[in-house]
Amino acid sequence: MLTFFSQFPQRISDVTTQLTTHGLPLTAPATPASPLDPDDPWANSEPTPPVNRTTLAWCTAAQMLSAHHRTPLSTQVLSADALIRELGVRGLAQLHTDLHDGAPIDYRFTRCPYCAGCGEDPVLPDCAEVGCPPEYEFIGHDHICPVCQGENYQPDWFAEERITELDRLLADALGRRDASGFWPRVKARHRMWLARRS
């Protein structure tokens, strides 16, 4: 039986199949520490840990980069390695913002690339993995998505709420202006617009 959460193993399978097809390993090897270079102050002297390319976070990063740059996924492997190695799962939120020219992402209107809009952590970690306080371990609570922070993706509902609020603000502003003698025709046009919507 297919469930909402069935899509996440499928995402991993799709990406790892592409890696295997191109002969790329499913783990990025660790690099040893390098000696300090006095001529290059930016050189990394720390060892880098290996990166597991079969995690949902890595597969999501590789797909996002590939889709954005319109290149084969195999060409984005090193970029996905660097992102996950440096920032982990939370780096997906930064990547999503960067791919939208630095604009903040409102996950109520934009589907989260990691959890697909459900707001829960798609890998369904247990409390020990997340680090929940001991008193929460037996309550049976959800763990929110680390990328969208648990935002509920419902663009139609939130848009209707926003339109209702804007209608109220506009009506209040027009009422005040009308009381002071300004813009009586704007208020009439607004009423006509509201009548057309209903």
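When a residue number appears, it is its place in the shown sequence, counting from 1. Worth knowing before you read on, the calculation uses all heavy atoms, side chains too, and leaves out hydrogens, waters and symmetry mates.
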Would you say Tyr114 and Val89 make side-chain contact, with heavy atoms under 4.5 Å? yes
Looking at every non-hydrogen atom in both residues, tell me the closest pair between Arg111 and Gly117 and how far apart they are. CG-N, 3.9 Å
Can you tell me how far the CZ atom of Arg85 sits from the CG atom of Leu78, to the nearest 0.5 Å? 9.0 Å
Gap between atom SG of Cys127 and atom NE2 of His143 - 0.5 Å precision: 3.5 Å
CD1 of Ile144 to CG of Asn152: how many Å apart, nearest 0.5 Å? 12.5 Å
Cys148 side chain reached by Cys115 side chain, heavy atoms, under 4.5 Å: yes
Mind listing the closest non-hydrogen atom pair of Asp81 and Ala28 along with its distance? OD2-CB, 3.4 Å
Between Arg53 and Thr16, a side-chain donor and acceptor under 3.5 Å: no
Measuring only between side-chain heavy atoms, which start at C-beta, is Cys112 closer than 4.5 Å to Cys145? yes
Look at the side chain of Asp106 and the backbone N and O of Arg108, then say whether any donor-acceptor pair between them is shorter than 3.5 Å. yes
To the closest 0.5 Å, what do you measure between CE (Met64) and CG (Leu83)? 8.5 Å
Polar side-chain atom of Thr97 near backbone of Pro104 as donor-acceptor pair, under 3.5 Å: no
Is the backbone N or O of Glu160 less than 3.5 Å from a side-chain atom of Thr164, with the two atoms forming a donor-acceptor pair by type? yes
When rounded to the nearest 0.5 Å, the distance separating CZ of Arg70 from CG of Leu65 is 14.0 Å
For a quick test of reading the model, state the closest non-hydrogen atom pair linking Thr27 to Pro50 and the distance between them. CG2-CB, 4.0 Å
Which heavy atom of Ile12 sits nearest a heavy atom of Cys59, and at what distance? CA-SG, 3.9 Å
For Glu165, is there an ion pair with Arg162 - N to carboxylate O distance below 4.0 angstrom? no
With no hydrogens and no angle check, is any side-chain donor or acceptor of Thr110 less than 3.5 Å from a backbone partner on Tyr107? no
Polar contact flag, side-chain donor to acceptor under 3.5 angstrom, Asp14-Gln18: no
Flag side-chain contact, heavy atom, 4.5 Å: Leu24 against Ser74: yes
Any sub-3.5 Å donor-acceptor pair from Thr17's side-chain atoms to Ser13's backbone N or O? yes
Any side-chain heavy-atom pair from Leu99 and Leu95 closer than 4.5 angstrom? yes
From Glu161 CD over to Leu166 CG, what is the distance, rounded to the nearest 0.5 angstrom? 11.5 Å
What's in the same ILVMFWY side-chain cluster as Phe158, cut-off under 4.5 Å, chained through other members? Phe109, Trp157
